[in-house]
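Take a look at the structure below.
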Amino acid sequence: MTQLAVTVIGPDRPGIIADVTEALVGTGVNLEDSTMTLLRGHFAMMIVCSGPFEEVKSALEPLRGELVITVRTMGPEHEHAPIGPSYLLSVHGADRPGIVAAVTRMIAAAGGTITDLATRLSGELYVLTAEVELPVTAELEMLDRALEITAEELGVGVSLRPAESDDL
Amino acid sequence: MSVAHLNQTLASWSPAQLGVTGDVLEVVRAPHPVLATEGATVDPLDPVMVALAADLVATMRVSPGCVGLAAPQVGIAAQMFALDVTGHPKTRTCHGVFVLCNAVVVEASRQEKGREGCMSVPDFTGDVKRATRLTVTGVLPGTTDHVTISTDAFEARALQHEIDHCNGHLFLDRVAGAHAVYPRKVYK
């Protein structure tokens, strides 16, 4: 069974998820990981699932129109092996172009990888939150300093804190 | 469940003790830089600071749903905030209305996640882990005596939120995950 990536984007209305997943059920697809949110009011969903490509494509065909739907085959499943401990990155400040690019470049330069990210804009305020894995060899102090300098240049605030998880 | 022992000095404090009537000030919103500035230590006897204490209470009083207001939120980078969690459904221990200067956390335990909003970040809420058992020391405006407040639940959360403001931090700096900031939902 091929692993497929399905994306659905369009104007939000009640029932989109029900419509999409009902169509998929009919093809024998098994939903695996998915995420859905509203991005400035637009419905946006990504699904990775296993199923027959052609059937999935044609099952979703009737939903196309206002919704932009893509179906692609993916390579073999790629298990993400953590490269090191997790941190939470938080950036907020006055909106301007380049905040995400500059901050994420600093993370990449330190060998870090972003495993989850969300940004929101409201009025003048831009907010970025991300979960970041850093290699154990990463120079945390240098990264903190680099982020601080970048943040200062951008006129935003930045914080990088260890992500706590409590085992119960 | 037991309720933390009330500090009677704080619990019986009233804004009338300031001897001045406060003005309602404008509340600033992020990304205003004052909200990211560490507040200066204040002289609690300074008449300007006593007046600011009255202003914070007055501004908090006219703001619907507001349980706390810190000096940076009215544009002044100073270590002072007003608090009053009276009547909030999540409140257990309650010291009523009070203003503290130069407050610091001395003990914090039993972290729990809760969703917070802020008058200075009106369009978002966020999940933040905060201690639910808390001890804080500070000085009442117009006095020189250090008071110690031990509290829990919502009063503890509100105190930590306000002390963060005094240090130039917003709840956005402490959210519990990449997807822990939410657009504020307003029903029409």
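In this text, all values refer to a predicted model and were calculated from it rather than measured experimentally. Throughout, a chain's letter reflects where its sequence line sits, starting with A, and its residues are numbered from 1.
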Contacting region of A:A94 [heavy-atom separation from chain B under 4.5 Å]: both
Parallel, tilted or perpendicular, as decided by the 30° and 60° cut-offs, for the rings of B:F154 and B:H88: parallel
Residue A:L121 versus chain B: region with a heavy atom under 4.5 Å: backbone
Distance-only polar pair, side chains of A:H42 and A:D12, donor-acceptor under 3.5 Å: no
Trace of the side-chain contact (heavy atoms from CB on, under 4.5 Å) decision for B:F124 with A:V127: CA-CA 10 Å; B:F124 297 114; A:V127 181; 3.9 Å; yes
side-chain contact (heavy atoms from CB on, under 4.5 Å) assessment of B:Q111 paired with B:R130: CA-CA 5 Å; B:Q111 303 265 327; B:R130 303 273 194 196; 5.6 Å; no
Which portion of A:L125 sits near chain B, non-hydrogen atoms under 4.5 angstrom: both
Side chain, backbone, both or neither of B:A30 within contact of chain A (heavy atoms, under 4.5 Å): both
Top contributor to chain B interface from A:S90, A:S86, A:A118, A:S122 [non-hydrogen pairs under 4.5 Å]: A:S122
Worked verdict on B:H165 versus B:H161 for ring-ring contact (aromatic ring centres under 6.0 Å, His included): CA-CA 6 Å; B:H165 270 304; B:H161 180 111; 4.9 Å; yes
Residue part contacting chain B, namely of A:R120, when any heavy atom lies under 4.5 Å: both
